[in-house]
Q: 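Structure in structure tokens, see below.
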Amino acid sequence: MSQQIYFLNGPNANLYGLDKNGTYGSESFASLGERCQRRAATHGVVLHFRQSNHEGVLVDWIQEARQHAAGLIINAAGLTYSSVPILDALLMFDGPVIETHMSNIWKREPFRHHSLVSKAATGVIAGLGALGYELAIDAVVKLMERHSA
């Protein structure tokens with residue numbers, strides 16, 4: 001059976017490509033998910049690419065990942081800066097965790113400069129748009145290999 005990765009996206013990520021200001025690029029969320037599925041397939045891993053606007057659903061998926069996934073990638077979006085429940089759930093995940101953001105959060109509003117998610121993350125990829133999502137998959141696969149050795 002192939003190893004599994006959960007790639008979880010938080011509030012409003014489903015609106016990628018629709019932002020009139022272009023902060024998150026022009027690629028739709030569905031297209032981004034397809035791109036990520038292709039990248040995961042090159043590594044021979046199963047990718048669960050999900051999005052929810054609800055904190056509790058994200059916590060449920062992180063808990064589910066504890067049972068099924070060897071690695072986890074998360075863009076908690078606006079919950080990155082405020083969700084202790086997401087942090088607590090991530091701290092209980094035994095594999096590598098990559099925090100990712102489409103935009104460079106350190107070039108944005110000051111409140112975005114402090115991530116609670118980072119306290120549980122193995123590493124962070126930010127500011128590279130869709131490329132960052134693909135790189136997060138590459139990174140978590142490499143970390144999973146090290147983690148299982």
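Heavy atoms only: backbone and side chains are in, while hydrogens, waters and symmetry mates are out.
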Q: Just list the side-chain donor-acceptor pairs under 3.5 Å for residues 121-136, sequence neighbours left out, or say none.
A:
from, atom 1, to, atom 2, distance (Å)
T122, OG1, V97, N, 3.0
T122, OG1, V97, O, 3.4
Y133, OH, N9, OD1, 2.6
Y133, OH, N75, ND2, 3.0
E134, OE1, R35, NH1, 3.3
E134, OE2, R39, NH1, 3.4

Q: Measure the shortest side-chain to side-chain distance between I86 and V59 over non-hydrogen atoms and say whether it is less than 4.5 angstrom.
A: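 Heavy-atom side-chain distance check passes, below 4.5 Å.
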Q: Got more than 12 heavy atoms from elsewhere within 6.0 Å of CG, D94?
A: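 Incorrect, the count does not exceed 12.
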Q: Of all residues at least two apart in sequence or in a different chain, which pass the side chain to side chain donor-acceptor pair (under 3.5 Å) check with T80?
A: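 Expected list: none.
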Q: To the nearest 0.5 Å, tell me how far Q4 CD sits from E64 CD.
A: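 Interatomic distance, Q4 CD to E64 CD, rounded to 0.5 Å: 9.0 Å.
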Q: Is the closest side-chain heavy-atom distance between C36 and L47 below 4.5 Å?
A: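 Yes, close enough: below the 4.5 Å cut-off.
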Q: Taking all atoms of both residues into account, what is the closest heavy-atom pair of L58 and P11, and its distance?
A: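 Shortest heavy-atom contact: CD1-CD, 4.4 Å.
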Q: So, N53 and Q51: side-chain donor and acceptor under 3.5 Å apart, yes or no?
A: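 A donor-acceptor contact under 3.5 Å links the two side chains.
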Q: Using the test side chain to side chain donor-acceptor pair (under 3.5 Å), find all partners of R66 that sit at least two apart in sequence or belong to another chain.
A: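 None.
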Q: Just so I know, are the side chains of T100 and F7 near enough to count as touching, which here means a heavy-atom distance under 4.5 Å?
A: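 Contact flag for T100/F7 side chains = yes.
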Q: Can the ring centres of F93 and Y6 be said to be less than 6.0 Å apart?
A: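 Between Y6 and F93, which both carry aromatic rings, the centre distance is not below 6.0 Å.
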Q: If we count only N and O atoms by modelled type, under 3.5 Å, do the side chains of S115 and S118 hold a donor and an acceptor together?
A: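 Judged by distance alone, the side chains do pair up.
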Q: For a quick test of reading the model, state the closest non-hydrogen atom pair linking K119 to L91 and the distance between them.
A: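 Reported closest heavy-atom pair: O-CD2, 4.0 Å.
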Q: Can you name the nearest heavy-atom pair linking A70 to Q3, along with the distance?
A: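 Shortest heavy-atom contact: CB-NE2, 3.6 Å.
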